[in-house]
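Here is the structure we will look at, set down as structure tokens.
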Number of protein chains: 2
Amino acid sequence: MPRLSEHNLIERPDEHGRPLGRREARKRATRTALVNVAQRRFHDDGFEETTLDDICDEVGVSRRTFFRYFKSKEDLVFPNRAERLERFVKVLTDAPDAENPFETLRRATRLFGPEYMVHREQLVAQQALIARTPSLRAREAEIDRDWEAVMARTIMGRTGDDRASAVRARVIAGACIGVIRATMRHWFETGGVEDLTQLGEDALDCLERGFALR
Amino acid sequence: MPRLSEHNLIERPDEHGRPLGRREARKRATRTALVNVAQRRFHDDGFEETTLDDICDEVGVSRRTFFRYFKSKEDLVFPNRAERLERFVKVLTDAPDAENPFETLRRATRLFGPEYMVHREQLVAQQALIARTPSLRAREAEIDRDWEAVMARTIMGRTGDDRASAVRARVIAGACIGVIRATMRHWFETGGVEDLTQLGEDALDCLERGFALR
DNA sequence: CAAAAAATGTCACTCGGTGGCACTTCGGGG
DNA sequence: CCCCGAAGTGCCACCGAGTGACATTTTTTG
């Protein structure tokens with residue numbers, strides 16, 4: 001008995017307009033099934049409490065096959081990590097050469113902010129899961145590291161890679177990702193009710209102008 | 001045959017002046033033996049390549065006992081994480097109420113910077129290990145999170161915990177830890193030859209005054 | 001020296017993750 | 001249309017980190 005019903009295998013063209021064969025379609029269906037089942041069970045029972053065998057059994061796939069779709073259990077929680085990073089890189093590389101890094105990041109904020117607010121409730125729940133699961137927090141930190149790294153490299157690409165420019169680029173990137181992460185955590189923990197775009201822009205303004213204190 | 005030679009069990013008073021019984025002395029010896037053996041083997045063969053059984057066999061202790069000294073394999077690489085954090089907290093709480101967070105952090109930099117420079121070569125090697133080991137990078141990120149959290153809480157303790165103050169405190173803490181981490185990475189990757197205290201203070205200056213660009 | 005308490009060892013087990021190999025399924029070319 | 005190669009999958013055995021239960025040894029204490 002096939003576990004993936006046949007109507008999941010509708011032939012849709014992929015993002016490049018090529019039609020999907022059965023093979024490709026089936027792979028997509030399996031992947032999304034794994035993510036969906038996992039999301040639900042993680043949400044219901046917790047990440048550590050849910051076993052890969054649980055998920056694989058429900059999807060109807062062997063654990064060995066699972067590891068051909070995902071490198072690790074944690075990856076189920078960040079299924080489009082690569083795609084997100086790519087879009088961020090695109091924002092960075094699309095920026096005019098003269099634009100300063102803070103303005104570039106504000107553009108990214110205006111792109112991602114509204115998107116996050118649309119999926120507010122799902123993201124808040126997701127973040128609650130991450131916040132209470134050490135290995136997921138670790139994954140998230142790694143993602144932030146990636147973003148910080150591409151940002152630092154982009155800045156260096158514009159300002160040079162001598163030692164002074166390199167350290168400056170790293171420091172700016174570190175500060176930016178630091179404030180973005182802090183802002184997001186605040187937004188998540190307050191239930192996602194505030195205007196994320198506004199919060200992000202405010203934080204970046206502070207960073208650029210300096211934190212005037214007292 | 002006891003694996004820990006008797007002369008490791010010298011009776012020294014602990015940090016509160018109480019003399020150490022055999023039990024306490026032996027525990028200390030076991031703990032440091034585990035750390036030392038692990039450090040050497042991690043450095044020689046790599047973190048993932050070294051098995052806990054390898055380490056335990058060499059120290060002469062069962063794996064079960066290992067887990068009574070350390071919660072995880074990774075903890076062997078950060079043996080005084082708690083103590084470092086405590087010292088950082090002390091710097092924060094010892095700060096006069098009127099001092100702004102950046103100045104407080106500069107004081108921390110002047111405390112930890114020279115210390116790091118003394119153990120330069122060991123720390124650089126250690127960081128190389130961390131940099132090439134995903135699970136160790138994750139641990140390091142967690143440590144940074146701790147520092148960021150205590151810093152945010154300290155700032156909130158001085159400025160109030162209403163929503164505006166809270167987000168501001170978080171953002172400042174995020175920015176500070178971000179630039180500190182970036183600075184340290186730069187220092188490590190350049191072999192620890194530059195003046196870490198100076199680098200740290202410069203980065204914090206930029207943060208406080210704003211990054212004047214172009 | 002005896003009894004309580006602390007530390008360690010042993011064993012069995014769970015779970016994430018990997019390598020190898022056989023088997024099935026799909027797609028393309030004759 | 002069929003057949004052959006390749007892609008995808010399952011199965012099995014295995015490894016290493018981490019945990020719980022319980023017996024055994026060692027240290028402290030009275």
Side-chain angles (χ1 to χ4, degrees), chain A residues 1-4 6 8-9 11 14 18-34 38 41-42 45-78 133-136 138-139, chain B residues 1-6 8-11 14 18-34 38 41-42 45-78 133-136 138-139:
Chain A
M1 181 183 97
R3 307 303 183 87
L4 301 168
E6 201 59 31
N8 282 333
L9 306 181
E11 303 223 359
D14 69 3
R18 287 188 301 269
L20 265 62
R22 289 195 182 161
R23 210 164 247 172
E24 225 61 30
R26 185 146 206 111
K27 285 202 319 193
R28 280 203 186 188
T30 303
R31 195 187 145 88
T32 65
L34 284 169
R41 299 199 69 142
F42 290 164
D45 307 336
F47 181 82
E48 287 151 353
E49 290 72 16
T50 306
T51 277
L52 283 184
D53 282 329
D54 293 340
I55 298 167
C56 291
D57 286 352
E58 184 170 338
V59 175
V61 118
S62 75
R63 202 166 76 251
R64 195 64 188 85
T65 292
F66 168 84
F67 283 106
R68 290 176 181 122
Y69 283 87
F70 299 92
K71 287 193 335 241
S72 74
K73 186 183 180 185
E74 284 76 22
D75 287 6
L76 282 169
V77 181
F78 308 98
T133 311
S135 67
L136 293 180
R139 252 338 134 88
Chain B
M1 182 182 99
R3 308 302 185 89
L4 301 168
S5 62
E6 201 58 33
N8 282 334
L9 305 181
I10 309 160
E11 302 224 2
D14 70 3
R18 287 186 301 269
L20 264 60
R22 289 191 181 163
R23 202 165 254 170
E24 224 60 30
R26 186 147 205 110
K27 285 202 317 191
R28 278 202 187 191
T30 302
R31 195 187 146 89
T32 66
L34 283 169
R41 300 198 69 142
F42 290 164
D45 307 335
F47 182 81
E48 287 152 352
E49 290 74 14
T50 306
T51 275
L52 283 183
D53 282 328
D54 293 340
I55 298 166
C56 292
D57 286 353
E58 184 169 337
V59 175
V61 120
S62 75
R63 203 165 78 251
R64 195 63 186 86
T65 293
F66 167 84
F67 282 106
R68 290 177 182 121
Y69 283 87
F70 298 92
K71 285 191 337 235
S72 74
K73 186 183 180 186
E74 285 76 23
D75 286 6
L76 282 169
V77 181
F78 308 97
T133 312
S135 66
L136 293 180
R139 249 341 133 87

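Reminder, nothing fancy here: chain letters follow the sequence lines and each chain counts from 1. Here the structure is a predicted model, which means the values were calculated and not measured.
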Notebook entry, point to check: Side chain of A:T51, backbone of A:D54: donor and acceptor closer than 3.5 Å?
Noted result: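 Side chain of A:T51 to backbone of A:D54, a donor-acceptor pair under 3.5 Å: no, none is there.
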Find the distance [X]:[atom1] to [N]:[atom2] and express it as a whole number of Å.
X     : N      : atom1 : atom2 : result
B:E74 : D:dG18 : CD    : C1'   : 11 Å
A:R31 : D:dA7  : CZ    : C1'   : 18 Å
A:D54 : C:dG16 : CG    : C1'   : 13 Å
A:D57 : C:dG16 : CG    : P     : 12 Å

Notebook entry, point to check: Which nucleotides of nucleotides 6-15 of chain C have their base under 4.0 Å from a protein heavy atom (B), which only their sugar-phosphate (S), and which neither (-), written as one string 5' to 3'?
Noted result: BSBBB----S
Notebook entry, point to check: Can you find a pair of side-chain heavy atoms, one from B:Y69 and one from B:D75, that are under 4.5 Å apart?
Noted result: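 No; the side chains remain at least 4.5 Å from each other.
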If I compare all heavy atoms of [X] with all of [Y], which pair ends up nearest, and what's the gap?
X     : Y      : result
A:V61 : A:F66  : CG1-N, 4.2 Å
A:F47 : A:S135 : CE2-OG, 3.5 Å
B:R63 : B:C56  : CA-SG, 3.7 Å

Notebook entry, point to check: For B:R41, which residues count as a side-chain hydrogen bond (donor to acceptor under 3.5 Å, both in side chains) partner, sequence neighbours excluded?
Noted result: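 Residues passing side-chain hydrogen bond (donor to acceptor under 3.5 Å, both in side chains) with B:R41: B:E58.
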